[in-house]
Amino acid sequence: MAANETKDGVFRRLYTGTGAFDVVGKRKRWYIFFALLILVCVGSIVFRWFNLGIDFTGGTRISLPAQGADGNISTSQVEQVFDEALNKEPAAVQTVGTGDASTIQIRSETLNTDQVEQLKAALFERFQPLNADGQPSERSISDSAVSASWGGEISQQALIALGVFFVLVTIFLWFYFEKWMAVAALAALVHDIVVTAGVYSIVGFEVTPATVIGLLTILGFSLYDTVVVFDKIKENTRGLLGLTRRTYAEAANLALNQTLMRSINTSLIAVLPVIGLLVVGVGLLGVGTLQDLALVQLTGIIAGALSSISLATPILVDLKMREPKFQQQAARVFARRENLARKSADREASAAPALATDDLPATDDESLETELRQERAMAAANSIPARNPKSSEAARRGGRPTGKHPGRPSGKRRR
């Protein structure tokens, strides 16, 4: 029963954003986690590199219908024929499309003309692929040479776009927020890029131009989530230097919790279509381009959501707490709390019945709640129009209401 109440309490605080998770307070643990994650990803990139596709390395692409004279042609059968004909394995064999329009694409290292003709002859002899008229035709097997220069141009343009994106993001965050928020957001973006690239290196996903394009699309999502959190931090810390309720770290952690549910919901809503893209595009349609886009977006969205919640805000807090004015404000907050705790301990030690513990807040939260109640009471009192004491007293004694000017003659003669 107690476990259920605790569980309900955590989810309730998560939904209401009242501070269910102390992310900023435990930021050293998050730093260790992200450092290990980035170390593994960078190590994999350095020692294993990437499984570059044919568009980056160059090679030969051969395509044939997936329908043969004896029925459907499987990728494993094609790989076997390729190995028997050329005594080597292809780089990749996949089925693209569904039904009668499906085709099998073979990608390999660059083949000379004799090797291409030898492979096409072996494929036709084994499978007898059908053309559009439903007749076996050797012309239904096509080949094309892919140059590595095209993939290099795509990569170069992507790096230029990435650099321009970083510059524009820095300028925007610098002027809309402040310099430390811009630095923290850029650190989160670098983390997202490194982790996504590292996952591709570790798992061995093939890197294609579609992968590079998908990598650029996830940066906007990660930045959006970070800006939402930073905007709430800006709101919570407005005028903070003149207050002694919370430190900058505590105000930032509260803002993080207040936007945490939104960040989780946004990430889930973004992940669901990507999963659908994987299931439909890869499982049903067998489109390799959709697979490349979906995989990089799925990895990037998860990494971006994690960094915007657990990395960007802690980095911002550490950068802000380097400034003397925020250090002095935090010292005043701690001094106030120590003073309250000391007074509470003294009153408890005196054991005076008239001084109950309810009369003095023992913690900062209770003190804050007391101050908030006082502010609401003062605001309510200020909203009531001021009364004229003499008019009120006269009305009470005479038993009749008084006008705006009770002492002024009405102009009528008394009989």
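As the structure is a computational prediction, the values presented were derived from the model and not from experiment. For the single chain, residues carry numbers from 1 onward in sequence order. Keep in mind that the numbers below use all heavy atoms, side chains included, and drop hydrogens, waters and symmetry copies.
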- Query: If you count the non-hydrogen atoms of other residues, nucleotides and ligands that lie under 6.0 Å from CZ in Phe166, is the total more than 12?
  - Reply: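 Yes, enclosed.
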- Determine whether more than 12 heavy atoms belonging to other residues, nucleotides or ligands lie under 6.0 Å from atom CD of Glu89.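 No.
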- Message: Here's one to test your reading of the geometry: is the NZ or CZ of Lys325 within 45 degrees of the ring axis of Tyr248 and under 6.0 Å from its centre?
- Response: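 Output no; distance or angle outside limits.
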Would you say [Y] and [X] are linked by a side-chain donor-acceptor pair, where the criterion is simply a distance under 3.5 Å?
{"X": "Arg262", "Y": "Asn265", "value": "no"}
{"X": "Gln327", "Y": "Glu323", "value": "no"}
{"X": "Ser44", "Y": "Ser201", "value": "yes"}

Which atom pair, heavy atoms only, marks the closest approach of [X] to [Y]?
{"X": "Arg332", "Y": "Thr244", "answer": "CB-CG2, 4.1 Å"}
{"X": "Ala197", "Y": "Phe50", "answer": "O-CE2, 3.1 Å"}
{"X": "Thr313", "Y": "Ala252", "answer": "CG2-CB, 4.1 Å"}
{"X": "Leu219", "Y": "Ile193", "answer": "CD2-CG1, 3.6 Å"}
{"X": "Val195", "Y": "Ala303", "answer": "CG1-CB, 4.1 Å"}
{"X": "Ala187", "Y": "Leu311", "answer": "O-CD2, 4.4 Å"}

- Query: Okay, side chain of Asp225, backbone of Ala305: is any donor-acceptor separation there less than 3.5 Å?
  - Reply: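 Pair absent, no side-chain N/O of Asp225 close to backbone of Ala305.
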- Angle class for the Trp30/Phe33 ring planes (parallel below 30°, perpendicular above 60°, tilted otherwise)?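 Plane angle over 60°, so perpendicular.
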- Task: Check step by step if salt bridge (charged side-chain N to carboxylate O under 4.0 Å, His left out) holds for Arg245 and Glu250.
- Result: CA-CA 9 Å; Arg245 294 177 180 174; Glu250 293 168 347; over 6 Å; no
- Query: Are Glu79 and Arg126 close enough, and set up right, to give a salt bridge (charged side-chain N to carboxylate O under 4.0 Å, His left out), and what steps lead you there?
  - Reply: CA-CA 12 Å; Glu79 292 176 356; Arg126 174 70 177 275; over 6 Å; no
- Apply the side chain to side chain contact (heavy atoms under 4.5 Å, CB included) test between Ile73 and each candidate in Ile104, Leu123, Val81; give the one that qualifies.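 Running side chain to side chain contact (heavy atoms under 4.5 Å, CB included) over Ile104, Leu123, Val81 with Ile73 returns exactly one hit, Ile104.
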